[in-house]
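Per chain, numbering begins at 1; letters A, B, ... match sequence-line order.
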Protein chains: 2
Amino acid sequence: MSIRDEAVVEIPKRRRRAPDEARREALVVARRLLIESGPTAITLKAVGDKIGVTHANLIHHFGSAAGLQSALMESMVRDLADALDAAVNQLRSDAGAPRALVDAVFDAFDRGGAGRLAAWIALSGDLQHLEPVRAAVQDLVKAIDEKFSAEGEQTHNRITSAVLFIALCAFGDAVIGAPLRDMLDRDEDSGRKIVARLLPSFLL
Amino acid sequence: MSIRDEAVVEIPKRRRRAPDEARREALVVARRLLIESGPTAITLKAVGDKIGVTHANLIHHFGSAAGLQSALMESMVRDLADALDAAVNQLRSDAGAPRALVDAVFDAFDRGGAGRLAAWIALSGDLQHLEPVRAAVQDLVKAIDEKFSAEGEQTHNRITSAVLFIALCAFGDAVIGAPLRDMLDRDEDSGRKIVARLLPSFLL
DNA sequence: AGTGTCACTTACATCTATGTAGATATCGTC
DNA sequence: GACGATATCTACATAGATGTAAGTGACACT
């Protein structure tokens, strides 16, 4: 067997993926493009090139460019909702320290570019894509309620205030936190620290 | 003088504007497009159509499409900085109520779409366009400092915390406040109320 | 091994945004 | 009123993104 022979290792011209797998790969790449280069970087060609596929093939799988974008939003929104659910579960199980809750929510918006996703959806006006988050947010309210509520009717109001507060800060931090902290000469962790410190005033 | 004569009122085929005026008109329209339909709606044709001008003319005035975008960012960022300065002045003059400060900053991000602008800049990665805001933010720190600081070395830290906190919330509220408040069944004013209530814990 | 499905490609068509070159008209100034 | 500067237009060129149609080949199943 010569070296020359070894070079001819049957590389199929095409790689045939299962539809689910093809969509998955495309969405992974599309997400990275969104996070690294912004929404306008998500083109059929750019995504196709990165997974070794033609743009026509992506249309085959997603129906259209808008279909790809919708699928991406759906996938990322689901991840965000899952992350919020995880925060809820963590809260229900044991660690009730404000900081743990804050970390969970901040991570939900930071990780996987959920904050940038939300900003993109808000700017593009496709608000219906945020719908799946509604349930997650309301779950978060319930969980905090069970965990911290002593009694009284004012409780629900305070809890929703707390959730609104955390979410606004976590979102803001994920999108413009870095440059803002730089302007104020504050370290990476400032936002979380501040929110964690303020949180008890809602819950106690 | 017949009716027919009245109909021939010399309407010039073109309207020749002063360069500054032409740019101003274009930027007003571009801003509205950004706020109402998102960044992708800002095209030379769309802007040109709305002010009765060809796309080539906009290139003449702004050099390129990117030039128009930069000019828009610059103009809006200047407005944001001015709004923050106004908040500073108001703070220095008299009304030191937390709610007044909160309103000033929230308005700075809401009005004129500054929040959406900041999100667009953050997503597109053109962070250098936010530079002019740096001075305004640092001015805000100084003004709050003069107004509220009793003494002590921890003061500066608390002030920057307060500014970071207000800015994150104001930005978040401007971009995703509406859908989020809807999910939580909270009224329009919730965000501001919450922030105003929490602010004293930094300043006192 | 033969066969059918469908993932995938190639080639082409279209549309839109952007940009360029040269002609034209408007307005201030003399 | 003539003139010059230039704001504005028309016409054309290009590039990129999207979409379509028809063919090709990989893989499962018999």
Requested in this report: Look at A/Arg14 and D/dT24 and indicate whether a side-chain polar atom (N or O) is within less than 4.0 Å of OP1 or OP2.
Outcome: no
Requested in this report: Starting from the C-alpha separation in whole Å, work towards a yes-or-no answer on side chain to side chain contact (heavy atoms under 4.5 Å, CB included) for A/Asp189 and A/Arg181.
Outcome: CA-CA 9 Å; A/Asp189 205 40; A/Arg181 286 190 302 262; over 6 Å; no
Requested in this report: To the nearest Å, give me how far apart CG (B/Leu33) and P (C/dA17) are.
Outcome: 12 Å
Requested in this report: For A/Gly52, report the nucleic acid contact type (base, sugar-phosphate, nothing); a contact means any heavy atom under 4.0 Å.
Outcome: sugar-phosphate
Requested in this report: Look at B/Arg15 and D/dT8 and indicate whether a side-chain polar atom (N or O) is within less than 4.0 Å of OP1 or OP2.
Outcome: no
Query raised in the report: So, for B/Ala41 and B/Ala46, which heavy atoms are closest and what is the spacing to 0.1 Å?
Result: O-CB, 3.6 Å
**Report entry** Donor-acceptor contact present, side-chain A/Gln138 to main-chain B/Met183, <3.5 Å
**Finding:** yes
Query raised in the report: Between atom CG in A/Leu44 and atom P in D/dT18, what is the gap in whole Å?
Result: 4 Å
Query raised in the report: For DNA chain D, what residues of residues 53-68 of chain A have any heavy atom nearer than 4.0 Å?
Result: A/His55, A/Ala56, A/Ile59, A/Ser64, A/Ala65
Requested in this report: Ignoring hydrogens and angles, state whether a donor on the side chain of B/Arg186 or A/Thr160 is under 3.5 Å from an acceptor on the partner side chain.
Outcome: yes
Query raised in the report: Between atom CD1 in A/Ile51 and atom C1' in C/dT9, what is the gap in whole Å?
Result: 14 Å
Query raised in the report: Quick one: does NZ or CZ of A/Arg197 land under 6.0 Å from the six-membered ring centre of B/Phe202, within 45 degrees of the ring axis?
Result: yes
Query raised in the report: Taking atom C1' of D/dG19 as reference, at what distance in whole Å does atom NZ of A/Lys45 sit?
Result: 16 Å
Report task. Could you tell me whether A/Phe106 and A/Phe171 have their ring centroids closer than 6.0 angstrom? Result -> no
Query - Spacing of B/Glu21 atom CD relative to D/dT6 atom C1', expressed in whole Å - result: 17 Å
Report summary line: A/Asp20 CG to C/dC6 C1', in whole Å, measures 14 Å
